[in-house]
There are 2 protein chains.
Amino acid sequence: MRRDIFQAIADPTRRAIITLIALQAMTPNAIADNFNTTRQAISKHLRILTECELVKQEQQGREIYYSLEIEKMKEIDIWMNQLRKIWEARFNQLGHVLSTMKKTKK
Amino acid sequence: MRRDIFQAIADPTRRAIITLIALQAMTPNAIADNFNTTRQAISKHLRILTECELVKQEQQGREIYYSLEIEKMKEIDIWMNQLRKIWEARFNQLGHVLSTMKKTKK
DNA sequence: ACTTTGAGCAACCGATCAGTTGCACGTATA
DNA sequence: TATACGTGCAACTGATCGGTTGCTCAAAGT
């Protein structure tokens, strides 16, 4: 199974779950109350989120509290920053080309 | 069709395409040279990226150059920042709880 | 002990996805 | 004008997805 973060956050329901549990740990039932689906469907989403370590569980009696693994979210930042770097490199390159053109003109 | 950015970047091939054209505009054929798939498959990916405005086209004779729409990428930043805000709010709240506990202890 | 409650797991279903093959169309080039 | 090239589009296929229903199991409540 090729579960990665980007696939995990692709689904709107999963993004909503992430937003929900970002504020406080919640049980599957409590999470499901916020959606128009069955608890099992939410459970499936939680399994996917757990599989790619975006979420961690904490058993408390027969209840399981799910909370966000903030560190893992940074992987998205990392990708975005890599992209920004490439973009800036391109921008500098363009600047270089422009200054070269200027020089040539001289 | 519910094409949104998050679904667009869920696919690894599409992320690779984004990284490729972030540096410079490229034609579908040139892009396809970097992958083990057919040109048509890449064309499909480009259509999806175009549909959610992550990519823009520029016709040049019979060739079409695709380049990255950096502004659109910021939508990911926006979501991440919203999440960060929630996370920080939670952190402050936790701090408040801790200080309240301290006071109670006194 | 019996019942209720919270939760995960498995099997199924329709929809969507990523990829392929085949085709059509416009633009260069000979 | 005939041919090669670059591209998009449509139809098909196997795989995956998101969701439902039904089951089991363990922990709480009576």
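Small disclaimer: the values here were computed from a predicted structure and weren't measured. The sequence lines fix the lettering, A, B, ..., with proteins before strands; numbering per chain opens at 1.
A search for salt bridge (charged side-chain N to carboxylate O under 4.0 Å, His left out) contacts involving B:Asp33 returns nothing, not counting sequence neighbours. Qualifying ring pair (Phe, Tyr, Trp, His ring centres under 6.0 Å) partners for B:Phe6, counting only residues two or more places apart in sequence or in other chains: B:Trp79. Residues passing the side-chain contact (heavy atoms from CB on, under 4.5 Å) test with A:Gln57 are A:Thr50, A:Ile64, A:Tyr66, sequence neighbours excluded. In terms of the side-chain contact (heavy atoms from CB on, under 4.5 Å) criterion, residue partners of A:Asn29 (sequence neighbours excluded) are, by chain and number, A:Thr27, A:Arg39. Take B:Gln60 and apply the side chain to side chain donor-acceptor pair (under 3.5 Å) test, not counting sequence neighbours, and it matches no residue.
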Which pairs of donor and acceptor atoms, one on a side chain in residues 14-26 of chain A, lie under 3.5 Å apart (sequence neighbours left out)?
unit_1, atom_1, unit_2, atom_2, d
A:Arg14, NE, A:Ala8, O, 2.6
A:Arg14, NH1, A:His45, ND1, 3.1
A:Arg14, NH2, A:Gln7, O, 3.3
A:Arg15, NH1, A:Ile9, O, 2.7
A:Arg15, NH1, A:Ala10, O, 3.2
A:Thr19, OG1, A:Arg15, O, 3.0

For this session: Report, as a single string ordered 5' to 3', how protein heavy atoms within less than 4.0 Å touch nucleotides 20-27 of chain C: B base, S sugar-phosphate only, - not at all.
Result: BBB----B
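For the pair B:Cys52 and B:Asp4, the minimum side-chain heavy-atom distance is 4.5 Å or more.
Distance, A:Arg15 CZ to D:dG18 P: 11 Å, rounded to whole Å. Between A:Ile17 atom CD1 and D:dG19 atom C1' the separation is 13 Å, expressed in whole Å. Rounded to an integer number of Å, the gap from CD of A:Gln60 to C1' of C:dT5 is 16 Å. Atom CG in A:Asp11 sits roughly 18 Å away from atom P in D:dT16 (whole-Å rounding). When the P atom of C:dA18 is taken as reference, atom CD1 of B:Ile9 falls 13 Å away, rounded to whole Å. Regarding A:Gln7, its CD atom lies at a distance of 10 Å from the P atom of C:dA18, rounded to whole Å. What separates CD of A:Glu63 from C1' of C:dT4 is a distance of 14 Å, to the nearest Å. Between the CG atom of A:Asp33 and the P atom of C:dA7 there is a distance of 10 Å, given to the nearest Å.
Look at B:Arg3 and you'll find a side-chain N or O under 4.0 angstrom from OP1 or OP2 of C:dC17. Dashed line: the shortest gap from a side-chain N or O of B:Thr13 to OP1 or OP2 of C:dG19 is under 4.0 Å. In this model, the phosphate group of D:dT7 is not approached by any side-chain N or O of B:Ser43 to a distance below 4.0 Å at OP1 or OP2. Listed pair A:His45 / D:dC17 fails the phosphate criterion, with no side-chain N or O lying under 4.0 Å from OP1 or OP2.
Nucleic acid contact for B:Tyr66: sugar-phosphate only, since backbone atoms but no base atoms lie under 4.0 Å from a heavy atom of the residue. Using a 4.0 Å heavy-atom distance criterion, B:Ile42 is classed as making no nucleic acid contact.
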Exercise. For A:Leu83 and B:Leu68, what are the C-alpha separation, side-chain angles and deciding distance, and is it a side chain to side chain contact (heavy atoms under 4.5 Å, CB included)?
Worked result: CA-CA 11 Å; A:Leu83 207 62; B:Leu68 192 59; 4.3 Å; yes
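Pairs of residues two or more places apart, or lying in two chains, that qualify as salt bridge (Lys or Arg N to Asp or Glu O under 4.0 Å) and include a residue from residues 52-65 of chain B are B:Glu53-B:Lys72, B:Lys56-B:Glu69.
For the segment residues 21-31 of chain B, the set of residues with a heavy atom within less than 4.0 Å of an atom of DNA chain D comprises B:Thr27, B:Pro28, B:Asn29, in numerical order.
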